[in-house]
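The figures that follow rest on heavy atoms only: side chains count, while hydrogens, waters and symmetry mates do not. This one's a predicted model, so the numbers in the text were calculated from it and none came from an experiment.
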Amino acid sequence: MNDVMTAVIARDYGPPEQFALAELPIPHPGPGQLQVRVAAASLNPADLVLPGGDFRDTLELPFPHVPGNNFAGTVTEVGPGVTGYAVGDEVFGLALPRVLRPMADPARPSLGTGMLARYAVVEADTPLIAHRPSAVSTTQAAALATAGLTALALLAQAEVLPGERVLVVGAGGGVGTTLLPPLAAAGAHVIATGTAEETALLRRLGATEVIDYRHADVPAVVRASHPDGVDAVLNLALPSDRLTGLGSTLRAGGRLLTITFPPPGEDAAGRPDVTVTLVLDMAGRLATMRDVAEEAAAGRLRATVGRSYPFAEAVAACTDFARRHTTGKLVVTLD
């Protein structure tokens, strides 16, 4: 193995158009770590937010920076003290950039060197990395890492009962398209927001109603159709300081769950008779990557891959993710 690899890098703060493919030293694992040859990586907002400089005032990012935190690949080297993994094992998961160590689980952090690269180093002892089942492709596994984990965490936290009315905001994204089938399987009446072009897909995935958020006042439409209010709102798209409209769609005692930042305040829903919960589970308390693997292998959890890009077009993938409306997950394949 040559000791250099190709990776997507940001050389300084800026938009994804400034990313580039470059040669970097191959990272090698230390104690408790794995080296992985990356086969596929999927994109998430944090991949662009960090090098974009949004958190520069509170978090200084070292450069060159390799984006990407969702991956599937093959273990190629095992560091001292690792148990449970061996060279040749197929693995997948979620590993945050090391600069985000404060956001990770204090006891078993899942950190990595950046997944838009031929090789990456990750921590072995974390609930956010697991063996990839043979029935789940590398593309599916990479796409499911964050989307599947978040979908399972939302389902566990929301505790949706058969017959409940659930509004899913941002249903056409990576988490939403993964979440709709298990919500429908739980017996929920799903009201999804998406574009007109996504309507057929969202209905196939389990939505009973679809609202085109580009041409409708979503809260007004929901209140008109369900004057008694919906039981739960799952917000996957709006910033958590803009939830009062969604709060107005809930029945008394309803629940609003959000996965977006900034963390919602107690009055985020604009009313005191509903609960508001930020679902952010980096410790794997609500769901682990092993749970994602089991549900995916059983056919109960599947990601919608909107588009797959070869590694040579990885910078274009990042730019498209930032500039174009995307349905499902965007995946970069390296093999």
Side-chain angles (χ1 to χ4, degrees), residues 1-30 32-52 61-79 85 87-101 104 109-124 126 128-129 132 137-139 141-146 289 307-322 329-335:
M1 182 192 301
N2 295 327
D3 212 38
V4 295
M5 65 175 183
T6 305
V8 175
I9 66 166
R11 294 189 174 92
D12 202 348
Y13 290 111
E17 287 85 353
Q18 296 180 13
F19 292 177
L21 289 172
E23 297 296 305
L24 290 181
I26 292 176
H28 292 281
Q33 296 177 334
L34 306 172
Q35 181 196 73
V36 177
R37 179 177 173 85
V38 180
S42 68
L43 302 183
N44 292 289
D47 300 335
L48 308 184
V49 167
L50 279 178
L61 191 66
F63 293 101
H65 170 73
V66 179
N69 56 48
N70 286 187
F71 75 97
T74 307
V75 176
T76 44
E77 192 176 338
V78 175
Y85 295 99
V87 171
D89 284 358
E90 296 296 322
V91 295
F92 79 110
L94 159 62
L96 295 175
R98 288 174 173 170
V99 72
L100 292 181
R101 177 66 177 82
S110 192
L111 305 170
T113 55
M115 300 306 151
L116 288 176
R118 290 288 181 186
Y119 292 89
V121 165
V122 299
E123 303 296 326
T126 163
L128 303 190
I129 291 175
R132 175 177 66 84
S137 70
T138 54
T139 296
L144 279 171
T146 288
M289 208 58 65
R307 186 172 176 186
S308 181
Y309 298 74
F311 192 35
E313 298 176 14
V315 175
C318 295
T319 303
D320 286 351
F321 187 62
K329 296 291 292 184
L330 299 190
V331 178
V332 175
T333 57
L334 287 86
D335 282 350

A120 to V38 - nearest heavy-atom pair and separation: CB-CG2, 4.1 Å
Residue pair L330 / A317: nearest heavy atoms and the distance that separates them: CD1-O, 3.9 Å
Pairwise distance OG1(T6) to CG(L334) - rounded to 0.5 angstrom: 9.5 Å
Any donor-acceptor pair under 3.5 Å from Q33 side chain to G30 backbone: yes
R11 atom CZ, neighbour heavy-atom count above 12 within 6.0 Å: no
Check: V315 and P16 side chains under 4.5 Å, non-hydrogen atoms: no
Sub-4.5 Å side-chain heavy-atom contact between V99 and P62: yes
T74 vs E90, side chain to side chain donor-acceptor pair (under 3.5 Å): CA-CA, chis, key distance, verdict: CA-CA 5 Å; T74 307; E90 296 296 322; 2.8 Å; yes
Residues S110, I129; criterion side chain to side chain contact (heavy atoms under 4.5 Å, CB included); working and verdict: CA-CA 8 Å; S110 192; I129 291 175; 4.0 Å; yes
Non-hydrogen side-chain atoms of F311 and L21 separated by less than 4.5 Å: yes
Any S42 side-chain heavy atom under 4.5 Å of V331 side chain: yes
From CA spacing to verdict: side chain to side chain donor-acceptor pair (under 3.5 Å), T76, Q35: CA-CA 6 Å; T76 44; Q35 181 196 73; 2.7 Å; yes
Shortest non-hydrogen contact between L116 and V66, atoms and distance: O-CG1, 3.8 Å
For the student: nearest non-hydrogen atoms of R132 and A141, plus distance: CD-CB, 3.7 Å
Flag, side chain of N70 to backbone of T146, donor-acceptor distance under 3.5 Å: yes
Any P67 side-chain heavy atom under 4.5 Å of V8 side chain: yes
Approximate separation, where rounding is to 0.5 Å, of E23 CD and R118 CZ: 9.5 Å
Derivation and outcome, side chain to side chain donor-acceptor pair (under 3.5 Å), residues D3 and H28: CA-CA 10 Å; D3 212 38; H28 292 281; 2.9 Å; yes
Check: V36 and V122 side chains under 4.5 Å, non-hydrogen atoms: yes
Straight-line distance of D47 CG to H65 NE2, nearest 0.5 Å: 7.5 Å
Intermediate values then yes/no, side chain to side chain contact (heavy atoms under 4.5 Å, CB included), T333 and Y309: CA-CA 6 Å; T333 57; Y309 298 74; over 6 Å; no
Spatial distance of atom CE (M289) from atom OG1 (T126) [nearest 0.5 Å]: 8.0 Å
Side chain T113, main chain V121, donor-acceptor under 3.5 Å: yes
Considering all heavy atoms, the nearest G112-A95 contact: N-CB, 3.7 Å
From F92 atom CZ to L128 atom CG, the distance as rounded to the nearest 0.5 Å: 10.5 Å
Derivation and outcome, side chain to side chain contact (heavy atoms under 4.5 Å, CB included), residues T319 and F19: CA-CA 9 Å; T319 303; F19 292 177; over 6 Å; no
F63 and I9, any side-chain heavy atoms less than 4.5 Å apart: no
Nearest atoms (heavy-atom pairs only) where L94 meets F71: N-CE2, 4.2 Å
K329 vs N44, side chain to side chain contact (heavy atoms under 4.5 Å, CB included): CA-CA, chis, key distance, verdict: CA-CA 8 Å; K329 296 291 292 184; N44 292 289; 2.8 Å; yes
Non-hydrogen side-chain atoms of C318 and L43 separated by less than 4.5 Å: yes
